[in-house]
Participant: 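Once you've had a glance at the structure underneath, I'll fire off some questions.
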Amino acid sequence: MTDDTLDPVPESPFRTSRLEEAEGDGSNPTVNPTMGELISIRFSRRGLLKGSLAVSAIASTVGPMALLSAEKAQAANNSASSGSAFSFVEVEAGVDETHHVADGYDADVLLRWGDGLFPDSPAFDPKNQSAEAQRRQFGYNNDYVGFIPLDGSSEHGLLVVNHEYTNEHLMFPGIVSIAEGKLKVAPADLSRVDIEMAAHGGTIVEIRKVDGKWQPVREGKLNRRITSTTPMQLSGPVAGHDRVKTKDDPTGKQVLGTLNNCAGGVTPWGTYVMAEENFHGYFLGQLPEGHPEAANYKRYGVPEGTYEWGNFYDRFDLSKESNEPNRFGWIVEVDVNDPNSVPKKRTALGRFKHEGAESIVARDGRVVFYLGDDERFDYVYKFITSGTFNPNDRAANMDLLDSGTLYVAKFEADGTLNWLPVVFGEGPLTAANGFNSQADVLIETRRAADLLGATKMDRPEDIQPNGVNGKVYVMLTNNTKRKDEQIDAANPRAKNAFGHIIEIAETDGDFAATKGRWEVLLKCGDPSVAAVGASFSTDTTRNGWFGMPDNCAVDSAGRLWVATDGNNPKDTGRTDGLWAVDVDGEARATSKLFFRVPVGAEMCGPLFTPDDRTAFVAVQHPGDGGTDWAPFGRPSYYEDLSTRWPDFRNDIPVRPAVVVITKKDGGKIGV
Ligand code: FEO
Ligand code: CA
Ligand code: CA
Ligand code: CA
């Protein structure tokens, strides 16, 4: 959650929990029309309350007591929902120390923070952690999960996992004190910073199903850790530009590491793409007075100063190195077939707080990537390669991401969608507005999109094309800063605390089209509270509704699965989880809870193997928070944790982990 009214964690003088929470009011200062006056064309505003009344009504109506007293009968088998594509016994929404999956399924921990990934990996020793050990172990705060089959198998492949950020108060012993009920974290030393940097990035690890149970293969020849110091190459239009040259890299082509890798994707040619999201938090210090990058950095919220790395490494201190922030905020592509390959930052896909990069091959063979910029009032994008995908020649696809066209979405009030090219020389993207090349346009993608008049969205997260029904699903997680006069057709709720999901149909079902149609699939939140204005189907139970859609997946049958970020005891009476959402037929907009996370966690992943018999989910920041959960009722930190999931050992702290879900009878998930 990024929202002041819903934030369950007391303000820390240092840092509360997640970097995602540091987004403030959004950094988009422009005044593109919000179409508020046109909204009645498509949507009723019935049920919306004005101002803070709406939020206080929500908070008081959906208290945990109300939910705890809900009829347990609602948790009974509701698989008979008419026309639903899903049949499983719904999990009961709630909050406790552990995870829960629907009856008839196993949910086993596959990889935890600190687990060894190589034959020589040191055992996890949280009281004596080192950067050297961490570089050989599974990183922190797993987010995106991808699966790249080996030999075409759904039971043997490479798991690729992003490690978005670190929670020091949960990771390190002896650094937290409590003052007036709030966490205070001691300043970092170099050794801690090096561990943090090693715990970021990604993991590539071979996994295999043996006797029905998935396990990591430590001896896997392709196993790899990517961190905040892994050498990478800038490629595409921005490579070598003056604005990305630094003291350490006068070529403007060689970057160390990747930051805040949130969601991502696996390309049709089997590479792993990692989205760099909240990179602003890693920079501190001030630019020299009158520096030409000042306006650019302001638009991205740089520097935010969440991490202290700049106290030890000059490149993260703007007063010592002014161009380093321009080298982050990109999509990074990793060739997983060579553990020594140099990851490439594909600058053609634009620079913003990239949430994910899910892709699909269009009818003509070009490849389309859907991209969200996760900030209040920022935009939805897509990138279409110039070249076409060659399924018979992997090598021929390896630089497809260096050339193509980036588009930004304009959601019109009449339900049409226009994809506007973010291309130097077109429309306002000229020298008159300070752009002298496509590199300039890409470095300042947000400002270019502002000038084009793109639609300001309620925090675009994962965006998933669905090759089965030809649609695209856009997760919009929330935006409580949207005022009444700022609502528009595509963002129809002021003070949008619970988010919504938009469904796009590209013209003629062609993912490479530059026009389409759109509609709201779901407005999230408790449908029984009129003030919320949620729009789940009436078959959706008390357990089935959710708030704050974030990551999502489409399985091979074209069914949508939504993972959430921000449900908590205080605001929704439930933890985050994985919900199955019908998108077709009479059950459309029916949602059911399939899996839920331990207290304090956020649900990431999710991902299905091609045979739909395995689902991977990532449990991120379990045990964070704590004050909002009455049975605990105080800040959670290393020495006093709200949960010790998944080991439940007094000598082992809570650990983010990837969980693998299979059906006990070996069948397809959710069927
Ligand atoms: Fe890292 Fe937008 O969630
Ligand atoms: Ca997230
Ligand atoms: Ca996804
Ligand atoms: Ca989120």
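This structure is a prediction, so every number in the text was calculated from the model and none was measured. Read the numbers this way: they start at 1 and go in the same order the structure lists the ligands and their atoms.
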Participant: Gly547 and Cys524: which non-hydrogen atoms are nearest, and at how many Å?
Facilitator: CA-CB, 4.1 Å

Participant: Spell out, as yes or no, whether a donor-acceptor pair under 3.5 Å connects the side chain of Thr445 to the backbone of Arg351.
Facilitator: yes

Participant: Which atom, counting only N, O or S, brings Glu277 closest to atom 1 (Fe) of ligand 1?
Facilitator: OE1

Participant: Mind reading off the angle at the Ca ion (ligand 3) between the OD2 atom of Asp462 and the OE2 atom of Glu358, rounded to 10°?
Facilitator: 130°

Participant: Closer than 3.0 Å to the Ca ion (ligand 3), do we get an N, O or S atom from Gln464, backbone or side chain?
Facilitator: yes

Participant: Is the backbone N or O of Glu97 less than 3.5 Å from a side-chain atom of Thr643, with the two atoms forming a donor-acceptor pair by type?
Facilitator: yes

Participant: Set out, in order, the CA-CA distance, both residues' side-chain angles and the distance that settles ring pair (Phe, Tyr, Trp, His ring centres under 6.0 Å) for Trp579 and Phe594, then state yes or no.
Facilitator: CA-CA 5 Å; Trp579 276 265; Phe594 180 69; over 10 Å; no

Participant: I need the OE1(Glu461)-atom 2 (Fe) of ligand 1-OE1(Glu355) angle, rounded to 10 degrees.
Facilitator: 70°

Participant: Test your reading of the model: is there a side-chain donor-acceptor pair from Asp582 to the backbone of Ala589, 3.5 Å cut-off?
Facilitator: no

Participant: How is the N/O/S atom of Glu164 that comes nearest to atom 1 (Fe) of ligand 1 named?
Facilitator: OE2

Participant: Give the name of the N/O/S atom in Asp374 that lies closest to atom 2 (Fe) of ligand 1.
Facilitator: OD2

